Every structure is written in structure tokens, then in C-alpha cells.
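Computed from a predicted model, the values in this text were never measured in an experiment. In what follows, chains are A, B, ... by sequence order, proteins preceding strands, each numbered from 1.
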Number of protein chains: 2
Amino acid sequence: MGTSALAGDPGLDRLLMKMRARDIVDAREEDVLRDSVAEVRESRAGRIIIRAGAMIGGCTLLLDGLVCRYRDLADGQRQIMELHVAGDFLDLHSFLLKRLEHHVGAMTPVRYAIVPHQRVREITERHPHLTRLLWFQTLLDAAIHRERIISVGRRSAVGRIAHLLCEMFVRLEIVGMTDGNRYALPLTQGDLADATGLTSVHVNRMLKRLRDEALLTFRGGQVAIHDWDRLQRVAEFDPAYLYLERLPR
Amino acid sequence: MGTSALAGDPGLDRLLMKMRARDIVDAREEDVLRDSVAEVRESRAGRIIIRAGAMIGGCTLLLDGLVCRYRDLADGQRQIMELHVAGDFLDLHSFLLKRLEHHVGAMTPVRYAIVPHQRVREITERHPHLTRLLWFQTLLDAAIHRERIISVGRRSAVGRIAHLLCEMFVRLEIVGMTDGNRYALPLTQGDLADATGLTSVHVNRMLKRLRDEALLTFRGGQVAIHDWDRLQRVAEFDPAYLYLERLPR
DNA sequence: CGTTCCGTTGACGGCATTCAAGGTCCGTGG
DNA sequence: CCACGGACCTTGAATGCCGTCAACGGAACG
């Protein structure tokens with residue numbers, strides 16, 4: 001597939017790893033995906049990649065970096081709804097929604113690929129199984145959203161943070177981006193607060209508690225998990241919502 | 001379409017109203033949907049319709065009644081993630097997820113139709129546009145989830161309740177189930193608390209405040225909105241996330 | 001070498017929870 | 001007919017988790 005803008009890029013491979021953790025993706029489907037990429041772009045940390053309300057012509061596949069979906073409220077508060085890592089589509093839902101009600105912002109320098117909506121549309125016309133695989137990815141986002149609702153709705157402050165860090169560990173493990181019990185999560189404590197519905201001050205205290213209780217360390221954008229079992233219990237983390245079963249979809 | 005189990009049922013018509021608020025659904029697609037229904041079932045208030053973790057063979061379309069998706073936590077707390085009204089698919093996502101990580105429970109007596117996964121699969125093989133319309137419905141659920149994350153994460157207690165009651169008004173209006181500024185929402189204050197991440201005691205106080213400020217009345221499962229503009233402002237409610245535009249999808 | 005962003009910690013305050021008691025409504029059965 | 005129980009609503013008082021305000025330290029950067 002020499003025409004691909006992505007030949008050998010690890011970003012697309014990570015998407016395939018995510019998909020193959022849940023179903024079979026055959027070589028032809030892989031080629032279709034590779035050939036669907038129109039171009040690769042970059043952006044700097046702090047930039048908005050996709051602006052809320054803007055009409056969108058293509059879906060964005062994150063190749064490298066950390067990204068979040070968020071919205072700002074009238075009083076200046078911010079809520080991060082989801083974090084995205086390499087291999088994630090940032091806005092596959094834009095294919096049918098046409099515009100988004102939230103921003104998509106880069107937390108780090110990022111590289112991403114564009115898949116024009118027209119190509120996705122062609123996939124829905126010609127490749128039913130691949131269509132279902134893409135649909136499935138958006139259902140995964142929704143399941144992650146639901147878990148976040150539970151976190152901010154009912155979990156304690158430590159629980160929320162612990163849960164988020166458990167989730168990111170598992171999601172990064174799927175795409176081969178963990179290093180033993182450690183992984184990179186280049187966020188500030190303020191970002192973590194916006195993702196968990198807390199304040200940065202309180203996040204700071206809860207991180208200290210998690211450290212003191214030898215559950216995990218979060219420092220300099222690096223997470224080290226010291227006691228996975230106890231952490232999971234504190235977070236009430238059950239990875240069932242990530243649907244890590246290879247089933248025909 | 002005399003073979004349909006649903007000939008003339010208002011439940012399926014409500015699904016069509018939802019879809020037609022966002023795109024065109026032609027007569028052939030309407031027939032395909034009608035013919036996809038295998039059977040109609042009923043259930044009593046308080047019953048679980050779909051149990052978390054169970055393998056699922058068909059999708060459920062709510063014809064009548066009020067339903068919620070929820071999960072219970074270890075300490076007995078409950079979080080409701082979404083409310084469903086007639087015309088909503090309760091578990092279209094089960095088509096690809098195969099099982100759900102949350103329960104689906106009846107808040108009132110309900111009637112619902114079953115669409116076997118096999119039929120949905122056939123739609124994805126033969127009817128790309130109808131497939132996109134179904135996919136779109138699941139994306140709408142995700143958008144509603146995101147709005148709930150913002151509510152429980154960052155909105156005040158009054159704001160959360162106000163927002164939920166704004167949302168239900170608009171969603172019920174789409175399917176023709178409002179009566180001027182009033183609509184039926186047969187929930188207890190405890191249910192409302194589980195949906196907003198509050199306690200029933202506090203919900204009670206906030207409802208009193210909304211009443212005292214002449215914004216809305218919630219009593220006996222009936223909502224009456226007295227000042228939509230001010231309520232919208234209190235809730236910071238912007239219906240953009242419901243994607244009420246007729247666009248080719 | 002000042003500026004800025006981030007992390008850390010303490011004191012205080014407030015919103016929501018918890019605990020508790022009493023009220024209403026309604027279906028059930030004596 | 002009415003006593004009774006149960007589910008839900010209402011309200012007050014006390015508690016507590018998390019937020020706000022504030023000050024300071026360190027690291028990165030221009």
C-alpha cells in the first residue's frame with residue numbers, strides 16, 4: 001500500500017491493536033483503513049485541534065501525543081470528558097454529527113491523521129464489518145463516558161482519581177504504551193482536576209494520600225502503580241466496560 | 001407491511017420522529033425498521049429489563065413507559081446514567097457490545113419491542129444509510145452522556161436538576177409527548193438524586209428553590225416549566241448537544 | 001534573574017450529606 | 001370504615017468533604 005500517507009506508522013498500528021483486542025481485522029480491512037488516511041498534521045501543546053460548533057469534513061486519528069475532549073462553562077470552569085492516546089479516533093463521531101459540541105485540545109505536541117468523512121462514508125457503503133468495527137469504537141467512547149458519569153456522580157475524590165489512573169493504565173497497555181507498572185501521562189494536577197470534577201488543590205491532597213498509602217505515584221507526568229490490587233479496590237475499577245473480549249462484532 | 005408486529009404502533013413512530021428530526025428517512029427504510037421487530041413484550045415497574053453482564057441477542061426499542069440505565073456501587077449507591085422515553089432504543093449498543101456493563105430498568109410499567117441482532121446486522125450489510133441513522137442514535141446517547149458528565153462534574157445542585165429537566169422537556173417534545181409547558185416524568189426525588197449525583201434530601205431542597213423562584217414545579221411525576229428562559233440560564237442549557245438539525249448523515 | 005507555571009500546604013468557609021423526626025398519600029386488610 | 005404499613009416527601013440540625021483563599025517553593029524559560 002505505497003499510496004498510504006501512513007506506511008509503517010505506529011499510530012495506525014495502535015488503532016489496529018485496539019480493534020484486534022475486540023475482534024478480528026483482516027488484511028483487506030487493514031488496507032482500507034490505511035488507504036483512507038488523506039494527510040498527517042501536527043499541532044502544539046495547548047492548541048485546540050477541533051473547535052466546538054465548527055463544521056467538520058474529516059475524522060482525526062491520533063498518532064502521537066495526549067489529547068482531551070472538554071468544554072468550558074460560563075464561570076470559567078472546565079470539564080474534561082475524555083482523554084485520548086495514540087491510536088484513538090478523536091472525533092469519529094463527527095462523521096455523523098457533522099460538528100461537535102465540545103472542543104478537542106492537545107495536551108502535548110501531537111501528530112494526527114485525517115480520514116475524510118467521504119472515505120468513512122465509502123466504508124459504510126462497501127465494508128459492513130469494518131463499519132461495525134468503527135461503530136464499535138464510538139460505543140467504547142460512550143462506555144468510557146458512562147464510567148466517568150459514575151466517577152463524578154458517586155465516587156469519592158480519591159476514588160475518582162484512582163479510577164481514572166487505572167483506566168489509563170489499561171488503555172495504554174492495550175496499545176503497548178506501558179512500561180511494567182509505569183506509564184507516561186503528561187497532565188498537570190489541574191488537568192486531572194478538570195477530568196475528575198475536583199479542584200487542583202484537592203487533587204494534590206488526594207495524590208499525596210495515594211502516595212502515602214503506597215498505591216501509586218503521579219509525578220512529572222509519570223504514573224507508577226505500586227499496588228494494583230488495592231488501587232483497583234479503592235477505585236472500584238472493573239475493566240468490563242472496556243469490552244476486552246475478541247468476539248465477532 | 002402486514003407482517004409487522006408493530007403496525008400502527010406509536011412507539012415506532014416516535015423512533016421515526018426522533019430520526020426525522022435529524023435526517024430524512026425514506027419509506028423503504030421505514031419498512032425495513034418495521035419489519036425488523038420480532039416481538040413485543042411488557043414489564044412491570046421496578047423490574048430489570050436488561051441485566052448487566054448478560055449476553056444479549058436483540059436490541060430493545062421502548063414503546064411505552066420510562067426506563068433508566070444505571071449501575072449500583074459497592075456501598076449501595078446508585079448512579080443513573082440515562083433516562084429513556086418512548087421511541088428510544090434502550091440498548092442499541094448491545095448489537096456490537098454483546099453484553100452491557102450497566103442494568104436497564106423499568107421506572108414505570110413498560111412495553112418494548114425486540115429487534116434481533118441478526119436483523120440489525122442485515123441492515124448493516126444491506127442498508128448503509130439506515131445503518132448510519134442507527135449509528136447516529138448511539139452517538140446521540142454518547143452526547144447525552146457527555147452532557148451528564150458536565151452536569152455532575154461541574155454544575156451546582158440546582159443547575160444539575162434544572163438541566164436534566166430541560167433536557168427531558170426537549171427530548172419529549174421531539175416525540176410529541178409534552179403538553180404545552182408540562183410533561184410527565186414519573187420519577188421519585190430519589191430517582192432524580194441518582195440521576196444527578198445528589199441525595200434525595202438535597203434534591204428536595206433544590207426543587208423547593210426552583211419552585212420558590214417560579215422556574216418550575218415537579219410534583220407527582222409531573223413537570224411544569226414556568227419560565228423557560230430563566231430556567232435555561234440557571235441550567236446553562238444549550239440544546240446543541242441534541243443535534244436537532246436535518247442534515248444528510 | 002525576573003517571570004510564569006506548577007506543586008504544596010495551611011486555615012477557613014460553604015455546599016451537600018447525614019441523621020433524625022414527622023407528614024402525606026395510598027393500597028391493603030381487619 | 002378505618003387502622004395499619006410502606007413509600008415518598010418535607011424540614012431542621014449537625015457533620016464533613018471538598019472548595020476557596022492565600023502563601024511559598026521549585027523548576028523551566030526567556
Within a 6.0 Å radius of atom CZ on Arg51(A), are there more than 12 heavy atoms belonging to other residues, nucleotides or ligands?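 Incorrect, the count does not exceed 12.
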Would you find more than 12 non-hydrogen atoms of other residues, nucleotides or ligands less than 6.0 Å from Arg209(A) atom CZ?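 At most 12 heavy atoms, drawn from other residues, nucleotides or ligands, come within 6.0 Å of this atom.
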Taking all non-hydrogen atoms of both residues into account, name the closest pair between Ile80(B) and Arg148(B) and its distance.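 Closest approach of Ile80(B) to Arg148(B): O-NH1, 4.0 Å.
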Listing request: all ring pair (Phe, Tyr, Trp, His ring centres under 6.0 Å) pairs with a residue in residues 153-172 of chain A, at least two apart in sequence or in separate chains.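 Listed by first then second residue: His163(A)-Phe237(A), His163(A)-Tyr241(A), Phe169(A)-Tyr183(A), Phe169(A)-Trp228(A).
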Which residue is it: Asp141(A), Asp13(A), Asp88(A)? I am looking for the one with a salt bridge (charged side-chain N to carboxylate O under 4.0 Å, His left out) to Lys18(A).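 Exactly one pass, corresponding to Asp88(A).
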For the pair made of CD in Gln189(B) and P in dC9(D), what is the distance, rounded to whole Å?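 Those two atoms, CD and P, are 4 Å apart.
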Whole-Å distance between dC9(D) C1' and Arg219(B) CZ?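 The answer, rounded to whole Å, is 9 Å.
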Roughly how bent is the helix from dC1(C)-dG30(D) to dG30(C)-dC1(D) end to end, in steps of 10 degrees, with each end axis from five pairs?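 Result, rounded to 10 degrees: 30°.
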If the sugar-phosphate is the primed atoms plus P, OP1 and OP2 and the base is the rest, what is the B/S/- string for nucleotides 14-30 of chain D, using protein heavy atoms under 4.0 Å? ----BBBB---------
Could you list where the contact with chain B starts and ends along DNA chain C, reading 5' to 3', using a 4.0 Å heavy-atom cut-off?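 So the contact region on DNA chain C extends dA16(C) to dC19(C).
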Do the side chains of Arg154(A) and Asp75(B) get close enough for a salt bridge, i.e. N-O under 4.0 angstrom?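 No, this pair does not count.
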Quick one: list whatever passes side-chain contact (heavy atoms from CB on, under 4.5 Å) with Ala52(A), sequence neighbours left out.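 Per chain and number, Ala52(A) pairs via side-chain contact (heavy atoms from CB on, under 4.5 Å) with His103(A).
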Residues His145(B), Arg146(A); criterion side-chain hydrogen bond (donor to acceptor under 3.5 Å, both in side chains); working and verdict: CA-CA 6 Å; His145(B) 290 344; Arg146(A) 287 193 291 276; 3.2 Å; yes
Quick one, Glu147(A) with Arg155(A), criterion salt bridge (charged side-chain N to carboxylate O under 4.0 Å, His left out). Give me CA distance, side-chain angles, the key distance, then yes/no. CA-CA 11 Å; Glu147(A) 202 63 36; Arg155(A) 276 189 252 263; 2.8 Å; yes
Non-neighbouring partners of Asn181(A) that pass side chain to side chain donor-acceptor pair (under 3.5 Å), sequence neighbours left out: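 If we apply the side chain to side chain donor-acceptor pair (under 3.5 Å) test to Asn181(A), skipping adjacent residues, there are no hits.
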